[in-house]
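Quick note on labels: first sequence line is chain A, next is B, and so on, each numbered from 1. Just so it is clear, the structure is predicted and the values come from calculations on it, not from any experiment.
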There are 2 protein chains.
Amino acid sequence: MQTGKRRVGRPTTNVLTRDLIMQTSLRLITERGAAGASMRDISRELGVQPSALYNHVSGHEDVIGGVRELVSERIDVSGFGTEPWIAALERWAKSYRLAFAAHPPTIALLAVQPLTEQSRVGTMYDAVCRGLIDAGWPDARVLSLVVALENFILGAALDRAATSEVLRPGVSDSTPSFQRAYAAREASLGEASAADAAFDFGLATMLAGLEAEYAALSQGA
Amino acid sequence: MQTGKRRVGRPTTNVLTRDLIMQTSLRLITERGAAGASMRDISRELGVQPSALYNHVSGHEDVIGGVRELVSERIDVSGFGTEPWIAALERWAKSYRLAFAAHPPTIALLAVQPLTEQSRVGTMYDAVCRGLIDAGWPDARVLSLVVALENFILGAALDRAATSEVLRPGVSDSTPSFQRAYAAREASLGEASAADAAFDFGLATMLAGLEAEYAALSQGA
DNA sequence: GTAGATAAAAGAATCACGTTCATTTAACGT
DNA sequence: ACGTTAAATGAACGTGATTCTTTTATCTAC
């Protein structure tokens, strides 16, 4: 990407773009992990001095925010309006997690930093809210529902990112039940990962709980 | 905490302890946030040079792990064995979240770093697994259940840590449904926080889903 | 008790990070 | 054509974690 050496002063054709910086950062994070996307790393990858980045972004936090935007764009809200609310939620949840799981190291970075005001993420929330309101969920409950599901999704994504044989009981331990459950899960797990199994189980559980609550809601009214 | 100046060489009475370092770190994190607990900060607080810390801990990661242990000790697993499994789970989940929510900035740090092998956290898992196995849950499902709930809990704790009027729709926006849901939630929320509402809603939903699954399990067998 | 090993502190130094500032050069607008 | 703005370099700062050396005290074995 770099042209050997560049002489001081503004170049005839611009080298950087805000978007180019974001794209490169996302790629670096995916390839080398969160630690491999420092401002220096990004600038080196782009054949540029670190200070040059600051002509296009306000700092490292800004970069992280931009990356989050990129990742969030792949969340699928197309189900709302075209499918039953429960199916739309399932689609949304799965794509949400996948969007982050596709770039594991991202999650830790992104989950920590809160959303900035004017992000396209608001559009996603709007689609989800609209679907649920149209389906008959009470206005006051919609956001709690969405946030609860989101909490689960982000937690699961975080788990998937962290998981490299974490959470394994020590051998010859004082934790027999833990060991037993662990062994049984290993045996029943095909080629699926433990994190995937937990996510599928938890999502099914939440959706079942939501359906029950929805049914109770209709009856009460 | 510091005695002005200390001369070179081993002091007559030891200044540091591994445990003292962990306690101090937790306090600093709670008081000043995650960024206020660097090795320098910790050493300054203890009236010591940063390098002195390395006689007792292997590095910053080690400190984080120790803090996690401290926080984890407050998780309540006493319900398993004395209460119905669903009540025990609820107690466990609530205390789990509270343990972290009491030190908001901790979560971001802790959730990121995976568990180290020989932690007392294994004991907690064992208690939970035992309770569920005794209640009749199939061995192979127990860990997925626990991890799924844990994902939700950690996600919720993270949300609570981040939340300071995050996730507010912009005014005069193109997100009417989002705004509507937001306003309705605000109105229905008493003095409870939005994060609490989402957690309570989600936990109730998951527990309801689990009860349904458990019932189906008994019938199938 | 004294000698050698070990432990716990200071202090100096290294390297990476994010960031700022001054400088240089090109592009843009009137 | 000229002043302003934009985009790059290069040098520097402050803070982060960490390591190594040095100094002094404690502990252990004889």
Side-chain angles (χ1 to χ4, degrees), chain A residues 1-25 28-29 32-67 105 108-110 112-113, chain B residues 1-25 28-29 32-68 105 108-110 112-113 116:
Chain A
M1 200 62 84
Q2 65 282 38
T3 59
K5 188 81 71 57
R6 199 186 347 268
R7 109 171 162 283
V8 168
R10 181 176 190 169
T12 51
T13 74
N14 289 1
V15 181
L16 295 179
T17 301
R18 182 180 166 84
D19 194 59
L20 179 60
I21 293 174
M22 302 308 183
Q23 298 282 359
T24 304
S25 302
L28 286 185
I29 289 176
R32 310 179 191 174
S38 67
M39 297 299 272
R40 281 183 157 85
D41 291 328
I42 299 167
S43 72
R44 192 179 309 121
E45 185 74 12
L46 291 168
V48 137
Q49 294 300 316
S51 51
L53 299 175
Y54 291 81
N55 289 319
H56 303 270
V57 298
S58 73
H60 195 247
E61 273 200 12
D62 191 17
V63 174
I64 300 299
V67 170
L109 285 171
L110 305 192
V112 172
Q113 210 63 18
Chain B
M1 201 61 86
Q2 63 280 36
T3 59
K5 187 80 70 62
R6 201 186 343 273
R7 105 170 167 284
V8 170
R10 182 177 188 168
T12 53
T13 74
N14 289 0
V15 181
L16 295 179
T17 301
R18 182 180 167 84
D19 194 58
L20 179 60
I21 293 174
M22 301 309 182
Q23 297 283 359
T24 304
S25 302
L28 286 185
I29 289 175
R32 311 180 190 174
S38 67
M39 296 300 272
R40 276 183 161 87
D41 291 329
I42 298 167
S43 71
R44 192 180 308 120
E45 184 74 10
L46 290 168
V48 137
Q49 294 299 317
S51 52
L53 299 175
Y54 291 82
N55 288 318
H56 303 270
V57 299
S58 72
H60 194 247
E61 274 201 10
D62 192 16
V63 173
I64 299 298
V67 171
R68 173 163 199 163
L109 284 172
L110 305 192
V112 170
Q113 210 63 19
T116 58

Test side-chain contact (heavy atoms from CB on, under 4.5 Å) applied to A:Leu46 and A:Leu53, step by step:
CA-CA 10 Å; A:Leu46 291 168; A:Leu53 299 175; 4.3 Å; yes
Derivation and outcome, side-chain contact (heavy atoms from CB on, under 4.5 Å), residues B:Ile64 and B:Arg68:
CA-CA 6 Å; B:Ile64 299 298; B:Arg68 173 163 199 163; 5.6 Å; no
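The side chain to side chain contact (heavy atoms under 4.5 Å, CB included) search around B:Arg40 returns B:Ser38, B:Arg44, B:Pro50, not counting sequence neighbours. Considering only residues two or more places apart in sequence or on other chains, B:Asn55 meets the side chain to side chain contact (heavy atoms under 4.5 Å, CB included) condition with none of them. Applying the side-chain hydrogen bond (donor to acceptor under 3.5 Å, both in side chains) test to B:Ser43 and every residue at least two apart in sequence or in another chain returns nothing. Evaluation of the salt bridge (Lys or Arg N to Asp or Glu O under 4.0 Å) rule for B:Arg18 yields B:Asp62 as partners, not counting sequence neighbours. For B:Gln23, the side chain to side chain contact (heavy atoms under 4.5 Å, CB included) test picks out B:Asp19, B:Leu70, with sequence neighbours left out.
Between B:Met39 atom CE and D:dG16 atom P the separation is 12 Å, expressed in whole Å. Between the CG atom of B:Asp41 and the C1' atom of D:dA17 there is a distance of 12 Å, given to the nearest Å.
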For residues 8-17 of chain B, tabulate all N or O donor-acceptor pairs below 3.5 Å that involve a side-chain atom, not counting sequence neighbours.
none

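Here the shortest heavy-atom pairing between B:Val67 and B:Ile29 reads CG1-CD1, 4.3 Å.
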Taking N or O atoms only and anything under 3.5 Å, show me the protein contacts with nucleotides 7-11 of chain D, one pair per line.
from	atom 1	to	atom 2	distance (Å)
D:dA7	O4'	A:Arg10	NE	3.3
D:dA8	OP1	A:Val15	N	2.5
D:dA8	OP1	A:Leu16	N	3.0
D:dA8	OP2	A:His56	NE2	2.6
D:dA8	O3'	A:Arg6	NE	3.2
D:dA8	N7	A:Asn55	ND2	2.9
D:dT9	OP1	A:Arg6	NE	3.3
D:dT9	OP1	A:Arg6	NH2	3.4
D:dT9	OP2	A:Gln49	N	2.8
D:dG10	O6	A:Ser51	OG	2.7

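Fit an axis to the five pairs at each end of the helix from C:dG1-D:dC30 to C:dT30-D:dA1 and the two axes sit 10° apart, to the nearest 10 degrees.
Using a 4.0 Å cutoff to heavy atoms of chain B, the contacted part of DNA chain C runs 5' to 3' from C:dA7 to C:dG11.
Residues B:Glu45 and B:Asp41 form no side-chain contact, since every pair of their non-hydrogen atoms from C-beta on lies 4.5 Å or further apart.
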